[in-house]
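Below, read A as the first sequence line, B as the second, and so on, with proteins coming before strands; counting in each chain starts at 1.
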Protein chains: 4
Amino acid sequence: MEARSDSAEQEEAVKRPSRRTFTEAARRAQIVNAAIEVIADAGYAKGSFARIAREAGLSSTGMISYHFAGKDDLMREVVAEVSRVAEAYVRPRMEERTGARARLRAFIEASVGLAGAYPKHLPAMIDVLAHLRDDDPSRHGLLGTVDSAADVQVERMREAQRSGEFREFDPRVMVTAIRAAIDATVTRAGREPGFDAAAAGRELADLFDHATRSAER
Amino acid sequence: MEARSDSAEQEEAVKRPSRRTFTEAARRAQIVNAAIEVIADAGYAKGSFARIAREAGLSSTGMISYHFAGKDDLMREVVAEVSRVAEAYVRPRMEERTGARARLRAFIEASVGLAGAYPKHLPAMIDVLAHLRDDDPSRHGLLGTVDSAADVQVERMREAQRSGEFREFDPRVMVTAIRAAIDATVTRAGREPGFDAAAAGRELADLFDHATRSAER
Amino acid sequence: MEARSDSAEQEEAVKRPSRRTFTEAARRAQIVNAAIEVIADAGYAKGSFARIAREAGLSSTGMISYHFAGKDDLMREVVAEVSRVAEAYVRPRMEERTGARARLRAFIEASVGLAGAYPKHLPAMIDVLAHLRDDDPSRHGLLGTVDSAADVQVERMREAQRSGEFREFDPRVMVTAIRAAIDATVTRAGREPGFDAAAAGRELADLFDHATRSAER
Amino acid sequence: MEARSDSAEQEEAVKRPSRRTFTEAARRAQIVNAAIEVIADAGYAKGSFARIAREAGLSSTGMISYHFAGKDDLMREVVAEVSRVAEAYVRPRMEERTGARARLRAFIEASVGLAGAYPKHLPAMIDVLAHLRDDDPSRHGLLGTVDSAADVQVERMREAQRSGEFREFDPRVMVTAIRAAIDATVTRAGREPGFDAAAAGRELADLFDHATRSAER
DNA sequence: GATGAATGAGGCTTCATTCAT
DNA sequence: GATGAATGAAGCCTCATTCAT
């Protein structure tokens, strides 16, 4: 039955998410932020639609299902949103520095400093990603951003090693350690009331500066 | 990993085994091990009583409720069991070395090496602890073990700083970073098939050796 | 299939088309055809407004509610549309034959042959009617068409029995059997890829010819 | 973790459904009968767990989920139960007759007569099977019994044709028609209060006797 | 000690329908 | 006329826990 115009319309709806209404975009953002709030505060396990809906001031969980294809879709959006915010915060702070050492320091300090500006964002994302399993079908989509960011970092470290700025070490292990240390520190910052995130950021930066720089500094 | 000070929790189970019959102890151990297996393989979220009971070869979940006061109780026992195993594995490997540097190295290598001997234990514990929240009533009991172990490590680092063996840094941040790096590496080891845990352990030990030692080494 | 007496229902739609604008009529037809498509392909249970709207290339289900008083109304229209199409297909093929035997044969063959021309129509209607229950408020409106068509057939059979062309039997049972056999055959035709509907139509016609004709043929 | 005894126990639970408790068997039967009742009375679409639970006098739908693996499992059991009852009713009535004609007649009369003894059973089964789609994963399991029964009938007809007892016709079309006619008649019997099922059974038997027997009877 | 039946809350999702724009 | 956001009921299912046996 008029399959031609049918598929034409579907194409638009499916392949162009930018065609979203203003209202829809606002609602999605509202729900994503409520999800970040809830997950950061109470953990992924408590991040039910019911609780997120309550946090967002919605009348029912059906509302969330209406705006998102499913829980995976919502979680994917949470990760995307946090990635976006983190990228926007960290990248410029890195780019105003030169040299691998200075840039690594900037990366770490900015990442931890993000906890001051958006205290809920990173903890929420960490919790979401921690719940992914290898067999999870949504794993690939969610980790795409994160993994490729890690790959970039690994590559940068290799260059700094070739230039002699960094000592010899396994860059993958180092990147894993840095990411883990940042995440743990940010999580602590979110939970311990008087935690001095800026100071901890500087400490972490020192730590990995010592860990990476070559002997003849 | 330092089980010395988690005595309050373990007292009943360890120091007064006469309070429980042999059969009961065996059943509890069987269930705890099944829980470790399931949580390591499928994640905390999938660690329902139903699945643990199946893994343990039990015919119903009632059995678990019968032997444990509740899910919190079981999880507490999982953490305690992993702590016990880790302690037994790591401590002797540390004690045969002398000096803060060598001991830190031994601690890190042994912790990562544990993943070879008991691949499911640490990942399971990490998953359980990641699910604790501040408002969780079982938080205190569960974190007692872990937190006090961290306190001990912090204190040791302070001593090594006083003796000049370690440079000046915030020991809490360092301990957090070390713990996080170990956990992340162990988790990777559990998921990536060809991962060389021993090599990664040495890398991590190098990393934190560079990060902690004083300049005039 | 005899639409002659379903006038009450169709009066508005057919005899007073001026009551609806052209656009409205087109939209309704578009939706009804989408509904037929969906129900034939996926079954009544999957025939939700959402799916029908997607099939029709509409952007929301509100459109359907706007044009139809409710789901019952849409389903009634599906039945009416299929009845209309079937009537237009079957009636002329019957009328060019004479005698009860030839006409019965024409009716059966045409009904099954309809599956070639409109493969989705009859299956959709069968599915819709199968979902009606005695207590269903929309039952009367929907079955009016079909039941009265059956009444006409029963009456014709009685005549053929009086004229000696058909043997003695209960015409209601016979009509029920014929209808059921046609429906089952058409349904099979819609599902089994290589099914030869024309051959099956001839077989069915033979079957009921043997079943109805008087002994002294 | 004791994988040997584990798998041993699971084997029993999974591969030996006969190991079911008496209580469990009773509950399953109770639920299946409630499902038959509801589906026959209100249709497949209204056969929700909630309604079936109410009919069975259960406190919640969780009860049904506890005893059945899912809705598919329950529906499969409904079909199996009706098949069992129908087989037990029809087969002996067929076997006391000899000759293809007499047996066909016995089959039809017994099938329709079943509506007197178990008025809800066949209608419920028909409704369940009508809702299966080709892509339904449970389709194969459910249709196994029914399809193979049809195959047996087809084979018997071929034999009767070879022996000259039946005329030449396409046995598959005939079997489809007989099944459809029986189902439609039984459905009518369940809905029309004063319907004389026995008489209709005799009529149907006559109908298909005329339709199948060879000319030189 | 052990079993497994029962419970009721809560999970996510789909649905038909309404209504402001 | 048309849109799509919003609603709230109902759907199936899983869960931890309790209790009679």
Side-chain angles (χ1 to χ4, degrees), chain A residues 13 19-28 45-53 58-74, chain B residues 20-24 26-27 45-53 58-74, chain C residues 20-24 26-27 45-53 58-74, chain D residues 13 19-28 45-53 58-74:
Chain A
R19 264 294 188 104
R20 283 210 181 90
T21 311
F22 171 77
T23 317
E24 159 126 50
R27 268 272 179 269
R28 281 177 68 99
K46 297 282 182 58
S48 67
F49 276 18
R51 189 149 174 176
I52 293 170
L58 303 175
S59 59
S60 83
T61 69
M63 190 80 270
I64 300 178
S65 289
Y66 176 76
H67 286 288
F68 294 86
K71 191 156 202 188
D72 285 353
D73 190 26
L74 173 54
Chain B
R20 288 204 170 94
T21 72
F22 173 76
T23 316
E24 156 117 44
R27 270 272 182 265
K46 296 280 182 62
S48 65
F49 277 16
R51 188 147 176 179
I52 293 169
L58 300 175
S59 50
S60 90
T61 68
M63 193 74 273
I64 300 179
S65 291
Y66 179 76
H67 284 289
F68 294 87
K71 193 159 199 185
D72 288 349
D73 189 28
L74 172 55
Chain C
R20 290 207 170 92
T21 72
F22 172 75
T23 316
E24 156 118 43
R27 270 273 180 263
K46 297 279 183 62
S48 66
F49 277 16
R51 189 148 176 179
I52 293 169
L58 302 174
S59 50
S60 91
T61 68
M63 194 73 271
I64 301 179
S65 290
Y66 179 77
H67 285 290
F68 293 87
K71 193 160 198 184
D72 288 349
D73 189 28
L74 172 55
Chain D
R19 265 290 188 107
R20 283 209 183 94
T21 310
F22 171 76
T23 316
E24 158 126 51
R27 268 271 181 270
R28 281 178 68 100
K46 297 283 181 59
S48 67
F49 276 15
R51 188 148 176 177
I52 293 169
L58 303 175
S59 59
S60 83
T61 70
M63 191 79 270
I64 300 178
S65 290
Y66 176 75
H67 286 288
F68 293 86
K71 191 155 202 187
D72 285 353
D73 190 27
L74 173 54

Margin query: With a cut-off of less than 4.0 Å, is there a side-chain N or O of C/His67 near OP1 or OP2 of F/dG1?
Written below: no
Check: In Å, rounded to the nearest 0.5 Å, how long is the span from CZ of D/Arg28 to NE2 of D/His67?
Finding: 9.0 Å
Margin query: Heavy atoms from C-beta onward define the side chain here; which of E/dC15, F/dA5, E/dA5 lies closest to that of D/Glu24?
Written below: E/dA5
Check: E/dG1 phosphate, OP1 or OP2: any side-chain N/O from B/Arg27 under 4.0 angstrom?
Finding: no
Note to self: On DNA chain E, does the nearest nucleotide to B/Thr61 precede the nearest nucleotide to C/Arg51 from the 5' side, or the other way round? Give the residue.
What the structure shows: B/Thr61
Next item on the list: Write down the partner of F/dT21 under the Watson-Crick or G-U wobble criteria, each distance required to be under 3.5 Å.
Entry: E/dA2
Check: If you look at every strand shown and take non-hydrogen atoms under 4.0 Å, does C/Ser48 touch a base, only sugar-phosphate, or nothing?
Finding: sugar-phosphate
Next item on the list: For A/Thr21 and A/Glu24, indicate whether the former's side chain and the latter's backbone hold a donor-acceptor pair under 3.5 Å.
Entry: no
Check: Counting any heavy atom closer than 4.0 Å, what does A/Ser59 reach on the DNA or RNA strands: base, sugar-phosphate only, or nothing?
Finding: sugar-phosphate
Check: A/Asp73 CG to E/dT14 P: how many Å, rounded?
Finding: 12 Å
Notebook entry, point to check: For D/Leu58 and C/Lys71, take the nucleotide of DNA chain E holding the closest heavy atom to each; which residue's nucleotide lies nearer the 5' end?
Noted result: D/Leu58
Next item on the list: Can you tell me the pairing partner of E/dT7 across any strand shown, Watson-Crick or G-U wobble, with both distances under 3.5 angstrom?
Entry: F/dA16
Next item on the list: Using heavy atoms to find the nearest nucleotide of DNA chain F for D/Gly47 and B/Tyr66 separately, return the residue whose nucleotide is more 5′.
Entry: D/Gly47
Checklist line | Interatomic distance where CE belongs to D/Met63 and C1' belongs to E/dG4 [whole Å] | finding: 10 Å
Note to self: Using 0.5 Å steps for rounding, measure from the CZ atom of A/Phe49 to the OG atom of A/Ser65.
What the structure shows: 5.0 Å
Margin query: Please determine whether a side-chain nitrogen or oxygen atom of B/Ser60 lies at a distance below 4.0 Å from atom OP1 or OP2 of E/dA5.
Written below: no
Item checked: D/Ile52 vs D/Leu58, side-chain contact (heavy atoms from CB on, under 4.5 Å): CA-CA, chis, key distance, verdict -> CA-CA 9 Å; D/Ile52 293 169; D/Leu58 303 175; over 6 Å; no
